[in-house]
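Read through the structure below, which is laid out as structure tokens, and then see the notes.
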Amino acid sequence: MKIDSWLNERLDIAKEAGVHRNLRSMNGAPVPERNIDGENQTVWSSNNYLGLASDRRLIDAAQTALQQFGTGSSGSRLTTGNSVWHEKLEKKIASFKRTEAALLFSSGYLANVGVLSSLPEKEDVILSDQLNHASIIDGCRLSKADTVVYRHIDMNDLENKLNETQRYQRRFIVTDGVFSMDGTIAPLDQIISLAKRYHAFVVVDDAHATGVLGDSGRGTSEYFGVYPDIVIGTLSKAVGTEGGFAAGSAVFIDFLLNHARTFIFQTAIPPASCAAAHEAFNIRTSLKNMGYVVKGDHTPIIPVVIGDAHKTVIFAEKLQGKGIYAPAIRPPTVAPGESRIRITITSDHSMGDIDDLLKTFHSIGKELHII
Ligand code: PLP
């Protein structure tokens with residue numbers, strides 16, 4: 001009882017600030033037209049960028065592996081959880097990312113935390129973009145190295161911070177490839193040339209770029225034609241399944257396998273998920289290959305900043321009333337005063353869907369005096 005009254009006080013603070021969250025029940029396959037809490041809605045917030053999460057070929061691959069391997073992996077990779085599917089998928093990811101090797105984690109979140117908490121040492125520093133994903137921030141918090149935050153994609157600020165951190169033994173620049181809430185692209189070519197000049201390593205989280213950026217969807221590296229030291233990614237967005245990965249040199253992967261606690265102490269993802277993801281890489285499509293028109297910074301993430309958290313919630317509710325599902329994104333996911341509707345366009349949306357979306361945004365924007 002006591003714990004509830006204390007927690008209610010804390011929840012009330014979130015409610016008053018307009019940032020209290022709750023769950024919505026999505027019923028059916030992850031396609032744009034979905035039944036959400038009993039209502040039919042068009043979903044505009046999914047990360048299933050290429051529509052692969054409901055692709056027949058992935059479902060068939062998972063089903064075949066399910067029959068042979070069962071539903072769970074039964075252990076961590078280093079005990080009883082490893083299978084031929086994990087190994088095949090890691091080879092596939094390494095070849096897709098053009099690295100020597102890759103290592104699977106149970107999620108992209110755990111890949112970031114595992115790499116950042118194990119790789120930099122006490123005498124090192126991590127230079128982290130201001131808008132990096134929460135899993136990067138948490139990895140930095142767990143690391144014994146110091147963390148210095150540089151202004152979002154601001155190369156002058158990064159260079160200043162590189163100058164100010166010369167006393168550290170090693171420096172790691174860590175950045176999202178595509179920033180999840182802003183849809184901006186990290187200037188990886190400039191980051192890598194600064195890293196070369198200042199003898200720093202570069203770690204890129206390509207969660208939102210894999211399958212999306214570059215002529216064959218290989219991510220920010222392909223988009224800029226550069227090679228960072230380490231690439232992290234997830235299988236839960238354009239790849240349409242579950243799990244995360246780190247890719248880099250064979251020595252780095254051997255190191256992670258022996259040091260990354262989120263790898264060592266985690267049950268491996270089921271072989272069936274690996275088989276489905278393997279099939280997704282076989283399909284090797286990308287939004288660009290499909291001739292899809294995306295706005296913003298050449299990514300499918302389109303943030304529409306409303307500002308005030310309460311107003312953003314009202315906007316999202318009005319959208320939902322018109323059959324459009326795009327939830328309000330509020331602090332702490334984004335900075336105070338920067339609440340937004342984050343639209344994501346997937347290959348399953350039609351031009352008609354986009355027209356409807358634009359018309360609805362126009363009318364709600366007028367109604368709420370935002371435009
Ligand atoms: N990195 C970024 C930039 C993300 O947006 C996400 C999103 O969830 C993750 C990492 C975590 O990936 P996962 O959902 O596989 O844990």
Side-chain angles (χ1 to χ4, degrees), residues 21 23 26 30 45-50 52-53 58 86 89-90 93 97 102-117 126 128-142 149 152-153 172-186 188 191 202-213 219-221 223 228 230-247 260-263 266-270 273-274 276-277 280-281 296-297 299-303 327 329-330 332-335 340 342-346:
R21 301 158 189 234
L23 293 171
M26 311 274 146
S45 54
S46 162
N47 294 321
N48 180 24
Y49 297 124
L50 300 177
L52 290 176
L58 269 71
H86 295 88
L89 178 57
E90 283 172 344
I93 292 169
K97 289 290 182 183
L103 191 70
L104 284 170
F105 288 76
S106 296
S107 68
Y109 187 103
L110 292 169
N112 273 327
V113 171
V115 169
L116 295 170
S117 62
I126 303 169
S128 177
D129 186 288
Q130 180 189 5
L131 293 191
N132 274 343
H133 187 256
S135 52
I136 294 183
I137 297 169
D138 292 353
C140 293
R141 286 177 179 161
L142 276 175
V149 175
H152 179 51
I153 59 177
F172 295 84
I173 304 171
V174 184
T175 181
D176 281 12
V178 170
F179 288 83
S180 54
M181 293 301 136
D182 285 56
T184 39
I185 301 174
L188 201 55
I191 291 176
V202 177
V203 181
V204 180
D205 172 10
D206 251 355
H208 290 275
T210 302
V212 172
L213 281 189
T220 23
S221 317
Y223 184 74
I230 292 163
V231 180
I232 291 168
T234 179
L235 305 171
S236 66
K237 304 191 192 296
V239 181
T241 60
E242 287 293 328
F245 61 85
R261 291 169 67 83
T262 57
F263 175 82
Q266 247 279 326
T267 298
I269 52 172
S273 293
C274 299
F281 283 106
D297 225 349
T299 76
I301 300 169
I302 304 165
I329 307 287
R330 293 159 288 163
T333 308
V334 293
R340 64 197 63 187
R342 172 182 174 272
I343 298 165
T344 55
I345 298 193
T346 73

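The figures that follow rest on heavy atoms only: side chains count, while hydrogens, waters and symmetry mates do not. Counting starts at 1 for both ligands and their atoms, in listed order.
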Show the short N or O contacts, below 3.5 Å, that ligand 1 makes with protein N or O atoms; if there are none, say 'none'.
from: ligand 1; atom 1: 1 (N); to: Asp205; atom 2: OD2; distance (Å): 2.5
from: ligand 1; atom 1: 5 (O); to: His208; atom 2: NE2; distance (Å): 2.6
from: ligand 1; atom 1: 8 (O); to: Lys237; atom 2: NZ; distance (Å): 2.9
from: ligand 1; atom 1: 14 (O); to: Ser236; atom 2: OG; distance (Å): 3.4
from: ligand 1; atom 1: 15 (O); to: Gly108; atom 2: N; distance (Å): 2.8
from: ligand 1; atom 1: 15 (O); to: Thr234; atom 2: OG1; distance (Å): 2.6
from: ligand 1; atom 1: 15 (O); to: Ser236; atom 2: OG; distance (Å): 3.2
from: ligand 1; atom 1: 16 (O); to: Gly108; atom 2: N; distance (Å): 3.2
from: ligand 1; atom 1: 16 (O); to: Tyr109; atom 2: N; distance (Å): 2.9

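Here the rule is side chain to side chain contact (heavy atoms under 4.5 Å, CB included) with Val174, and of Ile137, Val115, Val203 only Val203 fits it.
Remark: side-chain polar atoms of Glu90 are paired, donor with acceptor, to backbone N or O of Leu104 under 3.5 angstrom. Side-chain atoms of Asn48 come within 3.5 Å of backbone N or O of Pro30 as a donor-acceptor pair. Although no hydrogens or angles enter the test, the distance criterion places a donor-acceptor pair under 3.5 Å between the side chain of His86 and the main chain of Ile269.
Using modelled atom types, one finds no donor on one side chain facing an acceptor on the other under 3.5 Å when comparing His133 with Tyr109.
Here the closest heavy-atom approach between residue Lys97 and residue Gly219 is recorded as NZ-CA, 4.2 Å.
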